[in-house]
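Below is one structure, written out as structure tokens, with a few remarks after it.
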Amino acid sequence: MTITLNWGILGAGNISGQFVHDLLVNNVDPEGSIKHTIISVGSSSASKGEDFIKSNGIKTSNNNGVEAITEEYDDFYKNGKIDIVYVGTPHTFHKEQVTQSLENGKHVLVEKPITLNAKDARELIELAKSKNKFLMEGVWTRFFPSVKLIREHIFEKKTLGEVYKLFADFSMNFEVEKLPTSLRGRDIKLGAGATLDIGIYSVTYGRILLDDKLGENSTPFDTKSFLSLDPTDKVDHDSTILIKYENGKQGILTSSNHTNGPDSFVRLEGTEAVLEMWSDNPARPKNFKITFTDKSKSPIVFEEKNDYNGFIYEANSIAKEINEGKIESSVLPWSETLLVMGIMDKARLENGLIYPQEK
Ligand SMILES: NC(=O)c1ccc[n+]([C@@H]2O[C@H](COP(=O)([O-])OP(=O)(O)OC[C@H]3O[C@@H](n4cnc5c(N)ncnc54)[C@H](OP(=O)(O)O)[C@@H]3O)[C@@H](O)[C@H]2O)c1
């Protein structure tokens, strides 16, 4: 049986283009049992939406015979052919746009972070429940094949022995001081800051590699943090969150806009082996290596090679869950999103980073 999901893409920008790329590659795979059709691109301007369709190569030949259109936001929300909205705009717009999408009877996949804080996320979750519509935060990292395999090694096969410590980093030098403060990466009014933008991935590794449970069932933990706030734009471009679980496991979860991180963005230390993960982008964990203390044992290496950016894994998972009538992801349930948002809320509170929308 083929499952088809009809998408509306909200925001004709950077990440929407990367997301759409994967849907189109998937659609021309003759083996694929899940098809994703792009119905409409919602954009602040028709010409921007048309450019998006053209520059991302959306054609009837790779879009299941459907010609994608572009619409301004109000028409987009009312478009009855859209099953699910992908929200690919800066964080500060997520709450309003997810609300509009749910109110108009659409399922929603919203880019990370779901909102600026846990309080707003909770409101959206309540709305999704009341509308009986699927809602998920797009932390695509959790859906990669490597993550499933790694978690089997850590928690089921115990390949690393007892795990004690994690170093996870997402750092990328985007030469902060040279950029205007009006950009998404610097503008406090757009929710800028390393923690919400990239630190969320380090925190994600702190959750998926140190705990085998999710959300409300998670192993109890405590966190402490240090964020360095920029004197000009007032947001954090360097962020360190320390996590300690009740069972003693510890994680050092860092992010920076000032420096480039190590090739191995994850190093997980166990009594019998060390896991390292690498890729061109710590958000997309394509490869890993497990090296044993006992040098007579060969390392375990996994490398993913294909044309996908990696968004296809979350998209296919969502298509299956919606097809089964679910409104909450089993991989990233609402309580897990709230738990991660809570960790980041606490870090911001400890370091005095409050967004204007929260005052
Ligand atoms: N999953 C990932 O790895 C990943 C990577 C990067 C970003 N993200 C997330 O994706 C979201 C968007 O990031 P991005 O880099 O794609 O952003 P972007 O390219 O700067 O903006 C995306 C779109 O948002 C709308 N927009 C941007 N600035 C706006 C403003 N000031 N006022 C109103 N609308 C505005 C525009 O849509 P119109 O077409 O309507 O004009 C724009 O095309 C963020 O929440 C970010 O955290 C995720």
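Whatever order the structure lists ligands and atoms in, that order sets their numbers, starting from 1.
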Ligand-residue contact atoms, ligand 1 with His91, heavy atoms, under 4.0 Å: 44 (C), 45 (O), 46 (C), 47 (O)
Thr37 and Asn64 side chains, donor-acceptor separation under 3.5 Å: yes
Minimum non-hydrogen distance to atom 25 (C) of ligand 1, winning option of Pro113, Gly185, Pro90: Pro90
Between Ser279 and Asn281: side-chain donor-acceptor atoms closer than 3.5 Å: no
Polar atom proximity, Tyr201 to ligand 1 (N or O, under 3.5 Å): yes
Per-atom contacts of ligand 1 with Gly11, taking only distances under 4.0 Å to non-hydrogen atoms: 37 (O), 39 (O)
Interfacing atoms of ligand 1 (cut-off 4.0 Å, heavy-atom, Ser44): 38 (P), 39 (O), 40 (O), 41 (O)
Which residue and heavy atom of the protein sit nearest atom 17 (O) of ligand 1, plus the separation: Arg184 NE, 3.5 Å
Glu324 and Lys320 ion-paired at < 4.0 Å: no
Parallel, tilted or perpendicular: ring planes of His36 versus Trp7, cut at 30 and 60 degrees: tilted
For atom 31 (N) of ligand 1, closest protein heavy-atom neighbour: Leu190 CD2, 3.8 Å
Protein heavy-atom partner closest to atom 40 (O) of ligand 1 - residue, atom, separation in Å: Tyr73 OH, 2.5 Å
Sub-4.0 Å atoms of ligand 1 with respect to non-hydrogen atoms of Phe311: 1 (N)
Nitrogen or oxygen of Ala12 less than 3.5 angstrom from that of ligand 1: yes
Within-4.5 Å side-chain heavy-atom neighbours: Leu23 and Lys35: no
Within-shell test, His94 vs ligand 1, heavy atom, strictly < 4.0 Å: yes
Test ring pair (Phe, Tyr, Trp, His ring centres under 6.0 Å) applied to Phe19 and Tyr308, Phe52, Tyr86, the passing residue: Tyr86
Closest protein heavy atom (residue, atom, distance) for atom 9 (C) of ligand 1: Lys112 O, 3.6 Å
Protein contact to atom 36 (C) of ligand 1 [nearest heavy atom, distance to 0.1 Å]: Lys48 NZ, 3.6 Å
Salt-bridge present (Lys326, Glu328; N to O < 4.0 Å): no
Nearest-neighbour protein heavy atom for atom 23 (C) of ligand 1, which is reported as residue plus atom name and distance: Gly88 O, 3.7 Å
Check: Ile15 N/O within less than 3.5 Å of ligand 1 N/O: yes
Nearest neighbour of atom 1 (N) of ligand 1 from the list Lys189, Glu137, Glu111, on a heavy-atom basis: Glu111
Atom indices of ligand 1, in the order listed, that fall short of 4.0 Å to a heavy atom of Asp197: 47 (O)
Intermediate values then yes/no, side chain to side chain donor-acceptor pair (under 3.5 Å), Gln18 and Asn14: CA-CA 7 Å; Gln18 294 185 42; Asn14 156 40; 2.9 Å; yes
Distance from atom 19 (O) of ligand 1 to nearest protein heavy atom, with residue and atom: Asn14 N, 3.1 Å
Stepwise side-chain contact (heavy atoms from CB on, under 4.5 Å) test for Leu229 and Lys234: CA-CA 5 Å; Leu229 304 190; Lys234 315 286 186 213; 5.7 Å; no
Heavy-atom nearest option to atom 11 (C) of ligand 1, drawn from Leu196, Thr92, Ile114, Thr89: Thr89
Distance flag, aromatic centroids of Phe265 and Tyr201, threshold under 6.0 Å: no
SB check Glu152 Lys148 (cutoff 4.0 Å): yes
Heavy-atom nearest neighbour in the protein, as seen from atom 29 (C) of ligand 1, with distance rounded to 0.1 Å: Phe93 CE1, 3.8 Å
Heavy-atom side-chain proximity of Ile82 to Asn104 below 4.5 angstrom: no
